[in-house]
Structure formats: structure tokens, C-alpha cells
Amino acid sequence: MSEFEDKVLRIVKKIPPGKTMSYKQVAEKAGSPKAWRAVGSCLKKNNNPAIPCHRVIKSDGSPGGYNKGRKLKIKKLKQEGAQIKEL
DNA sequence: CGTATGACGTGCA
DNA sequence: GTGCACGCCATAC
């Protein structure tokens, strides 16, 4: 696993319930403020159950995508109380 | 090693 | 406000 992936997964894993972080924010904390592209690519390949990747959304507040289905992602976010544009 | 793609973001019409 | 195009990093082939 690359260092970047480890950082990203680590940060996403640290996202508290009811909160959401944009890919850019995660990339920034990962050490590469311009690697949000890789963040999504990395998460989609590392859909680890310990990683609440559904809490990672786009900067505009949209849920973006999800390996298990965007709908499920939205559902989980709403269930946790996360504010997204699907409300 | 080089090319193509992606769960994106920003800019412009 | 919406739609299209370009740019970016990392991964896969």
C-alpha cells in the first residue's frame, strides 16, 4: 500500500459520525492538497469496511459516488445526520 | 515505462 | 444556475 493511500484511509477513518469531508480536504490532510483525484481513485479500490468512505463527499456537498451505490451513501449520510445536497 | 481512466475541482460560456 | 472543457494525482494495464 502506498504512503498516500495509508494517509487517506487513515484520515477518512478518523472522520467522526455525522460529519463529512470533501475529497480535497482529505487530500490536503494527506499531504497532497492537489491529489483529491487520487483520493477517490484510492478509496474506490480500497473499499475497506473500516473506512467510512461514504463520509467523503464532493466540495459542493454532493455525495459523489460510492462502490456500493450512491443511493446507499446518501442514505447512510442522512441517517448519520450529515448535511448533503440530497436533502 | 507510457497511456488511459477515475468516487473530482475549478473556470468559463 | 447549468453544462462543457481542462487540469490534477495515483492506479491499472
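Order of the sequence lines fixes the chain letters, A, B, ..., with proteins taken first and strands second; residue numbering starts at 1 for each chain. Please read these numbers as outputs of a predicted model, since none were measured by experiment. Computation of the quantities below employed the complete heavy-atom set of this structure, encompassing side-chain atoms and omitting hydrogens, waters and symmetry-equivalent molecules.
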Please report, to 0.1 Å, the donor-acceptor pairs under 3.5 Å made by any side chain of residues 47-56 of chain A, with sequence neighbours excluded.
unit_1  : atom_1 : unit_2  : atom_2 : d
A:Asn48 : OD1    : A:Ala50 : N      : 2.8
A:His54 : NE2    : A:Glu80 : OE2    : 3.2
A:Arg55 : NE     : A:Glu80 : OE1    : 2.8
A:Arg55 : NH1    : A:Ile15 : O      : 2.7
A:Arg55 : NH2    : A:Glu80 : OE1    : 3.4
A:Arg55 : NH2    : A:Glu80 : OE2    : 3.3

Task: Atom pair NZ (A:Lys73) and CD1 (A:Ile84), whose distance is rounded to the nearest 0.5 Å - done: 9.0 Å

Task: Atom pair distance, as rounded to whole Å: CG in A:Asp6 and P in C:dT11 - done: 12 Å

- [ ] Using atom CD of A:Glu28 as one end and atom P of C:dC9 as the other, report the distance to the nearest whole Å.
- [x] 14 Å

TODO: Name all residues meeting the side chain to side chain contact (heavy atoms under 4.5 Å, CB included) criterion together with A:Thr20; count only those two or more places apart in sequence or in a different chain, and write none if there are none.
DONE: A:Ile57, A:Leu77, A:Ala82

Open item on the list: Less than 4.5 Å apart, side chain to side chain, heavy atoms only: is that true for A:Ser32 and A:Phe4?
Closed with: yes

- [ ] Heavy atoms only: give me the nearest A:Val26-A:Ile11 pair and the separation to one decimal.
- [x] O-CD1, 3.6 Å

Open item on the list: Near DNA chain C, counting only heavy atoms under 4.0 Å, which residues of residues 11-19 of chain A show up?
Closed with: none

Open item on the list: Return the OG to CH2 distance between A:Ser41 and A:Trp36, rounded to the nearest 0.5 Å.
Closed with: 10.5 Å

Open item on the list: A side-chain contact here means heavy atoms from C-beta on lying under 4.5 Å apart; do A:Lys29 and A:Met21 qualify?
Closed with: yes

Task: Contact list for residues 5-15 of chain A, test salt bridge (charged side-chain N to carboxylate O under 4.0 Å, His left out), sequence neighbours left out - done: A:Glu3-A:Lys7

Open item on the list: I'd like to compare against my own output: the B/S/- annotation of nucleotides 3-13 of chain B with a strict under-4.0 Å heavy-atom distance to protein.
Closed with: ---BBBSS---

Between side-chain atoms of residues 58-69 of chain A and protein atoms elsewhere (two or more places apart, or another chain), which donor-acceptor pairs fall under 3.5 Å?
unit_1  : atom_1 : unit_2  : atom_2 : d
A:Asp60 : OD2    : A:Ser62 : OG     : 2.5
A:Asn67 : ND2    : A:Lys44 : O      : 2.9

Open item on the list: Between C1' on C:dC9 and CD on A:Glu3, what's the gap in Å once rounded to a whole number?
Closed with: 15 Å

- [ ] Please identify each residue that fulfils side-chain hydrogen bond (donor to acceptor under 3.5 Å, both in side chains) with A:Arg37, with sequence neighbours left out.
- [x] none

Open item on the list: Just to be sure I follow the notation: if a pair is Watson-Crick (purine N1 to pyrimidine N3 plus N6-O4 or O6-N4) or a G-U wobble (N1-O2 and O6-N3), each under 3.5 Å, what dot-bracket string does DNA chain C give, with | for pairs to another strand?
Closed with: .||||||.|||||

